[in-house]
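Chain naming here is simple, since letters A, B, ... match the order of the sequence lines and numbering starts at 1 in each.
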Amino acid sequence: MAKEKGKTKANLLKGIINENPLLVSILGTCPALATTKTVEAALGMGLLFTIVLICSNILVSLLRKLIPEEVKTPAYIVIIATFVTMVKMFTNAFLPELYSTLGVFISLIVVNCIVLGRAEAYASKNKVFDSFIDALGMGIGYTLAIILMAFFRELLGTGAFTFGKIFTFIPLTKVQIIPKGYEISLFQNPAGAFIVFSIILAVIAFIKNRKAELVAYNEKQEKIRKLQEAKAQAAKVEGGNK
Amino acid sequence: MSDKKKYVITSITLGFIAASSAALIAVTNLVTRDKIRESEQQRIVKGIQSIFTECESFKENELVNSYKYVMTAYRVVDKNDAELGYAFQTIGSNQYGKISLIVGYENAISTASFKGVYVVVDEQTYASTLEDNYISQLPDILEDVNCGATYGAKLVREMIKEAGKAAEDIWN
């Protein structure tokens, strides 16, 4: 039971940290660059993406033994496109501001490599619950990653965070952080999106390299310590024999 | 498994997936159709009120001619029932997608005077460029012949000009 729980937790966390689809696998970068002008838009995009990913993973996993190998890709695309169409209609009906903000990028979830990739790489080979957890982890990981990008873009590009424009059930709130006139509007443009994305990737690469260096250093120190211990032991035995 | 049996199972599975997809989309359409129509109507109301800030009410008016982009005309009045102008719902599309606008014109004695524009729907692939690069600079940019730098700008200009023609047809 505990082993199962541990496996589920590891499955969930891998999509958020170790195998984050945007920051580690560098997938789904097109919507990540386009929909991260504001934190609210990024959150909306992340939620819709997660819903599509979960639904398609569950259905692909349910039908994994029925879909023949020769036609699995078109079958998966039909499944994903169906859920994207449904999500698009629901968004248009109940969240029209989000629908008009995200525009064509809702439809582009169909060709987002993360969705098709997880369907083929995981959902088609695992049980329904495991596929659900995998999709949830990947969805949360992607959402957090694009919110991180949006955080810096909105902060540096507008100097403020605005909430309530897209999710109109929240009262309209604007929090000015950087005084007006000191914002860098470049960060609201595609060039700024690339800059923020590349800086985040550089920081992650730096942390990873440092971690790897630390692990290698600790392993080396451990080897040296064991060698010294062995030498000391050998010297003790030799001394005893004499 | 024999080839024939394999093909039959494949066909049935794909047929089942296609039929289920169609059914799911049809059900979603049934559930959301009215809400989508209602929210589009709300956007039209919001558009008219943003163009004619003193608007108290508006009423659908018959168009004098048939037009390429202008679909509906609304006569806008203030609280004293005085005419403020006309708001036209225009719908057009180009190679990038569909745009729907509310274009407002007021009666300037011998000509129709451009009042404002509100984007109801913008399904272009480069929708985000239209508002900042073109809409926000109207009407100064209306006569700019080199407006192809922004996707949809030419279509928007044609829609606005046709709405102006429709307004003049009503008033003359």
Side-chain angles (χ1 to χ4, degrees), chain A residues 30-31 33-38 41 52 55-56 59-60 62-108 110 119 157 168 185 188-190 193, chain B residues 1 3 5-47 95-101 118-133 151-152:
Chain A
C30 175
L33 295 168
T35 62
T36 50
K37 270 187 166 179
T38 63
V52 170
C55 293
S56 58
L59 195 58
V60 164
L62 274 169
L63 298 174
R64 71 185 185 280
K65 288 180 182 162
L66 295 172
I67 298 174
E69 192 68 23
E70 297 85 359
V71 295
K72 63 175 185 177
T73 304
Y76 296 163
I77 290 181
V78 168
I79 291 168
I80 295 165
T82 303
F83 286 117
V84 167
T85 307
M86 289 170 66
V87 155
K88 196 176 163 186
M89 285 178 178
F90 276 115
T91 312
N92 193 7
F94 300 105
L95 290 168
E97 295 299 325
L98 180 63
Y99 179 81
S100 63
T101 302
L102 295 181
V104 72
F105 292 99
I106 301 178
S107 307
L108 285 178
V110 178
T168 47
S185 59
Q188 286 284 291
N189 297 336
Chain B
M1 196 190 293
D3 278 348
K5 199 175 177 185
K6 199 170 143 187
Y7 294 143
V8 169
I9 290 174
T10 304
S11 307
I12 291 171
T13 308
L14 290 178
F16 170 74
I17 291 172
S20 311
S21 298
L24 277 171
I25 292 171
V27 166
T28 309
N29 185 39
L30 272 170
V31 168
T32 59
R33 186 175 49 191
D34 291 335
K35 200 79 178 90
I36 290 171
R37 219 174 277 150
E38 191 188 306
S39 96
E40 192 163 322
Q41 235 1 75
Q42 279 175 358
R43 285 186 69 82
I44 291 170
V45 170
K46 190 178 170 187
Q95 67 263 45
Y96 306 110
K98 172 188 157 188
I99 308 174
S100 172
L101 307 172
Y118 181 85
V119 180
V120 178
V121 169
D122 188 356
E123 291 177 357
Q124 289 185 104
T125 47
Y126 289 92
S128 59
T129 65
L130 192 66
E131 191 76 46
D132 291 338
N133 294 348
Y151 295 102

From B:T28 OG1 over to A:K88 NZ, what is the distance, rounded to the nearest 0.5 angstrom?
13.0 Å
Only pairs of heavy atoms separated by less than 4.5 Å count here; which of B:K35, B:E38, B:E40 has the most with chain A?
B:K35
Flag the pair A:E70 / B:K6 as yes when at least one side-chain heavy-atom distance between them is below 4.5 Å, and no otherwise.
yes
Report, as yes or no, whether the 6.0 Å neighbourhood of atom OH on B:Y7 holds more than 12 heavy atoms from other residues, nucleotides or ligands.
no
So for B:S39, is it side chain, backbone, both, or neither that comes closer than 4.5 Å to the heavy atoms of chain A?
side chain
Output for pair (A:T82 OG1, B:L24 CG), nearest 0.5 Å, gives 7.0 Å
Measuring heavy-atom distances to chain A, does B:N29 have an atom under 4.5 Å in its side chain, in its backbone, in both, or in neither?
both
Determine whether B:F16 and A:L66 make a side-chain contact, defined as any pair of heavy atoms from C-beta on separated by less than 4.5 Å.
no
In this structure, CD1 of B:I25 is separated from CE of A:M86 (nearest 0.5 Å) by 8.0 Å
Atom group of B:T13 that falls short of 4.5 Å from chain A, counting heavy atoms:
side chain
In Å and rounded to the nearest 0.5 Å, what is the CD to OG1 distance from A:E69 to B:T10?
11.0 Å
Determine, for A:E97 against B:R43, whether the closest basic-nitrogen to carboxylate-oxygen distance falls under 4.0 angstrom.
yes
Quick check for you: to the nearest 0.5 Å, what is the distance between A:L59 atom CG and B:S20 atom OG?
8.0 Å
For B:V27, which atoms come within 4.5 Å of any heavy atom of chain A: side chain, backbone, both, or neither?
neither
To the nearest 0.5 Å, what is the distance between CZ (A:F90) and OG1 (B:T32)?
6.5 Å
